[in-house]
Colleague: 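Quick one: this structure, given as C-alpha cells, is what I'll be asking you about.
Scope of the values below: all heavy atoms of this structure, side chains included, with no hydrogens, waters or symmetry mates. Atoms within each ligand, like the ligands themselves, are counted from 1 in listed order.
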Amino acid sequence: MDFSLSEEHERVRRMVRDFAEREVRPVIKEHDRKQEHIPWVFKRMGELGILGICVPVRYGGAGMDYIALGLACEELERVDTSLRVIMSVHVGLNSLTLFQWATEAQKQKYLVPQAQGAKIATYALTEPGAGSDAAGIQTRAVRHGDHYVLNGEKMWISLADVADHFLVIAKTDPEKRHRGMTAFIVERGFPGVRTGTIHGKLGVRAGNTGWIALQDAQVPVENRLGEEGEGFTIAMTALDNGRYTVAAGATGLIRACLEASVKYANERYTFGQRIGEHQLVQEMIARMAQSYEAARLLYLQAGWLKNQGIRNTRQTSVAKWFATDASFQAASDAIQVHGSYGYSDEYDVERYLRNAKGAVIYEGTSQIHQIMQAQYALGYRQDRPLRCELPAYDPEVWQAEAI
Ligand SMILES: Cc1cc2nc3c(=O)[nH]c(=O)nc-3n(C[C@H](O)[C@H](O)[C@H](O)COP(=O)(O)OP(=O)(O)OC[C@H]3O[C@@H](n4cnc5c(N)ncnc54)[C@H](O)[C@@H]3O)c2cc1C
C-alpha cells in the first residue's frame with residue numbers, strides 16, 4: 001500500500017494552493033461581507049485548468065485523475081468554501097455526470113466548454129418542497145414532439161444566477177415516483193427559464209445560491225440526459241462525485257481551523273503561558289489534528305476507488321458525513337481557541353464555522369448519511385450495476401488528444 005502522492009499530485013496541490021492563497025485570500029473577507037461572488041474567479045479557475053481538472057484532454061480537461069480533483073478541493077476550501085462549491089457543482093455534480101452518462105454529441109456540446117471553463121454549470125435537484133426526499137420533487141416534464149415542456153421550481157441551487165447550464169431533474173411519469181424521473185441539460189437561454197439569488201444565507205456568502213423557475217420551459221429532446229426514467233439514478237450517481245468534492249473540501253476546512261488555531265495558540269498568553277500549553281486547549285487542537293488525518297484518508301480512499309472504476313457510494317458517503325461533521329466541530333473549537341477574537345470577523349474562523357454548517361446539510365444531510373451507513377451495514381441496501389459506470393482512470397486515455 002502506497003500512501004505517497006505523485007509528483008504530479010504535489011504540483012497540482014501547490015498550484016491550487018498558490019492560487020487560493022495569493023489571489024483569493026486577500027479579497028475573500030470583503031466578498032463574504034458584501035455577500036457577492038468574486039466575479040473573476042470562474043475565468044481564473046478556467047485558465048488554470050481547475051474547472052476541468054479530471055476531465056480527459058479530448059473533452060477540454062486537464063486529463064488528471066480523481067485524486068487530483070480531491071486535492072484541489074482540499075486546497076480551495078482551506079481558503080474559502082465558496083471556491084470548493086464551484087468544484088462540487090460544476091465538476092462533481094455536472095461535468096462528471098455528463099462524462100458518465102452523456103452521448104458523444106452532448107459531451108462535445110456541453111462538457112467541452114465546461115471543462116475549458118468557457119461555460120459554468122450547476123445541478124438542480126432540490127425544490128421548495130423536496131430536499132432529502134428527492135423522489136418527492138414536483139417539477140414536471142411533458143414531451144411534445146421534438147421537445148419537452150418543463151414546469152416547476154428549483155430551490156437552493158448553487159450558482160443558479162451565474163451558471164450557463166443546469167442539470168435539471170424532473171418527473172416524466174409522476175406515478176412511478178423515483179422510477180418516473182428524467183434528467184435534462186437546460187441552457188439559461190432556453191425560453192421559460194428564469195433564475196434569482198437567495199440573500200441572507202448563514203454561510204458561503206461569497207458564493208451564489210439561488211432558485212430556478214421553469215415556466216413552460218422548452219427543452220429539446222436531444223438535451224435529455226440518459227433515458228426517460230433514469231433521472232433518479234443519474235441524480236444519485238452525480239452525488240457520488242459531488243459528495244467526494246465536499247468530503248475533500250471539508251478536510252481542507254479542518255486543516256484551515258487547525259492552522260489558524262495553532263498559530264493563535266502560540267501567540268496568545270494567559271496565566272504566564274502560551275494558551276497552547278494549557279491541556280484543555282491542546283485537547284481541541286488534538287481533535288482537529290485527529291479529524292484532519294481521518295478525513296483525509298477517507299476521501300483519498302474514495303478517490304482511489306474512483307480511479308479503479310469501483311462503485312464507491314458507501315465509502316464516499318462515509319467520507320462526506322465524517323468530514324463535514326468534523327469540520328463543523330473543528331470550526332467551533334477554532335473559535336473557542338481564539339476566544340472573543342474568534343467571535344469577530346477580524347479572524348477567519350467565524351467564517352469557517354458559518355461555511356461549515358452548509359456542508360452538513362447539502363449533498364445529503366448528516367442524518368441521511370447515517371441512514372445510508374446503517375442500511376449498508378444491515379444489508380438493507382446494495383449498489384446495483386449501472387448502464388453507464390464512471391470510467392476508471394487511465395492516464396493514456398485521459399491525456400490523449402483524440403481517440
Ligand atoms: C448552501 C446550499 C447550497 C445548496 N446547493 C444545492 C445545489 O446546488 N443543488 C441542489 O439540488 N440542492 C442544493 N442544496 C439543497 C440541499 O441539498 C438540501 O437543502 C438538502 O438536501 C436538505 O433538504 P431540505 O433542506 O429540503 O431539508 P429536509 O429534507 O426537509 O430535511 C429537514 C431535516 O429533516 C431531516 N430528515 C429528513 N428526512 C429524514 C429521515 N428520513 N430521517 C431522519 N431525518 C430526516 C434532515 O436531515 C434535516 O435535518 C443546497 C443547500 C444549501 C444550504
Colleague: In the protein, what heavy atom is nearest to atom 49 (O) of ligand 1, and what distance, to one decimal place, separates them?
Modeller: Q367 OE1, 3.5 Å

Colleague: Find out whether I157 and T209 are in side-chain contact, i.e. whether some heavy atom of one side chain is under 4.5 Å from a heavy atom of the other.
Modeller: no

Colleague: For a 4.5 angstrom cut-off between non-hydrogen side-chain atoms, does K154 reach F166?
Modeller: no

Colleague: Do any nitrogen or oxygen atoms of V204 lie less than 3.5 angstrom from nitrogen or oxygen atoms of ligand 1?
Modeller: no

Colleague: Between V85 and ligand 1, which residue portion shows a heavy-atom distance shorter than 4.0 Å: side chain, backbone, both, or neither?
Modeller: neither

Colleague: T195 and R188: side-chain donor and acceptor closer than 3.5 Å?
Modeller: yes

Colleague: Can you confirm whether something in the protein, heavy atoms only, sits under 4.0 Å from atom 26 (O) of ligand 1?
Modeller: yes

Colleague: Please write down residue, atom name and distance for the protein heavy atom closest to atom 30 (O) of ligand 1.
Modeller: S132 OG, 5.0 Å

Colleague: Closest non-hydrogen protein atom to atom 24 (P) of ligand 1, residue and atom name please, with distance?
Modeller: G131 CA, 3.9 Å

Colleague: Quick check: Y376 with W321 (ring centres under 6.0 Å apart)?
Modeller: no

Colleague: Out of K119, H165, H90, which one pairs with Q114 under the side chain to side chain donor-acceptor pair (under 3.5 Å) rule?
Modeller: H165

Colleague: At what distance is the nearest protein heavy atom to atom 18 (C) of ligand 1, and which residue and atom is it?
Modeller: T126 OG1, 4.0 Å

Colleague: In the complex you have, is atom 35 (C) of ligand 1 within reach of the protein, judged by whether a heavy-atom distance drops under 4.0 Å?
Modeller: no

Colleague: Which of these, Y123, F166, Y362, has its nearest heavy atom closest to atom 2 (C) of ligand 1?
Modeller: Y362

Colleague: Between Q308 and Y393, do the side chains contain an N or O donor and an N or O acceptor separated by less than 3.5 Å?
Modeller: no

Colleague: Counting only heavy atoms closer than 4.0 Å, does ligand 1 sit against the backbone of V89, its side chain, both, or neither?
Modeller: side chain

Colleague: Return the option from T122, T209, I371 holding the heavy atom at the smallest distance from atom 40 (C) of ligand 1.
Modeller: I371

Colleague: Please classify the E363 to ligand 1 contact at 4.0 Å (heavy-atom distances, strictly less than): side chain, backbone, both or neither.
Modeller: backbone

Colleague: Report yes or no: is the cationic atom of K357 (NZ for Lys, CZ for Arg) under 6.0 Å from the centre of the six-membered ring of F328, at an angle within 45° of the ring normal?
Modeller: yes

Colleague: Among all protein heavy atoms, pick the one closest to atom 39 (C) of ligand 1 and tell me residue, atom and distance.
Modeller: I368 CD1, 4.2 Å

Colleague: Heavy-atom distances under 4.0 Å decide this one: backbone, side chain, both or neither, for T365 against ligand 1?
Modeller: side chain

Colleague: Quick test: of every protein heavy atom, which one is nearest to atom 3 (C) of ligand 1, and how far off is it to 0.1 Å?
Modeller: S158 OG, 3.4 Å

Colleague: I'd like to know if atom 13 (C) of ligand 1 has any protein heavy atom within a distance of less than 4.0 Å.
Modeller: yes

Colleague: Give the residue and atom name of whichever protein heavy atom lies nearest to atom 4 (C) of ligand 1, and the separation in Å to one decimal.
Modeller: W156 O, 3.0 Å

Colleague: Quick test: of every protein heavy atom, which one is nearest to atom 20 (C) of ligand 1, and how far off is it to 0.1 Å?
Modeller: I361 O, 3.4 Å

Colleague: Side chains of W101 and T237 only: does a donor on one sit below 3.5 Å from an acceptor on the other?
Modeller: yes

Colleague: Give a yes-or-no answer on whether the side chains of S317 and Q373 include a donor-acceptor pair shorter than 3.5 Å.
Modeller: yes

Colleague: Assess, by modelled atom type and distance only, whether the side chains of T270 and H278 contain a donor and an acceptor separated by less than 3.5 Å.
Modeller: yes

Colleague: Can we call the ring centroids of Y244 and Y66 under 6.0 Å apart?
Modeller: no

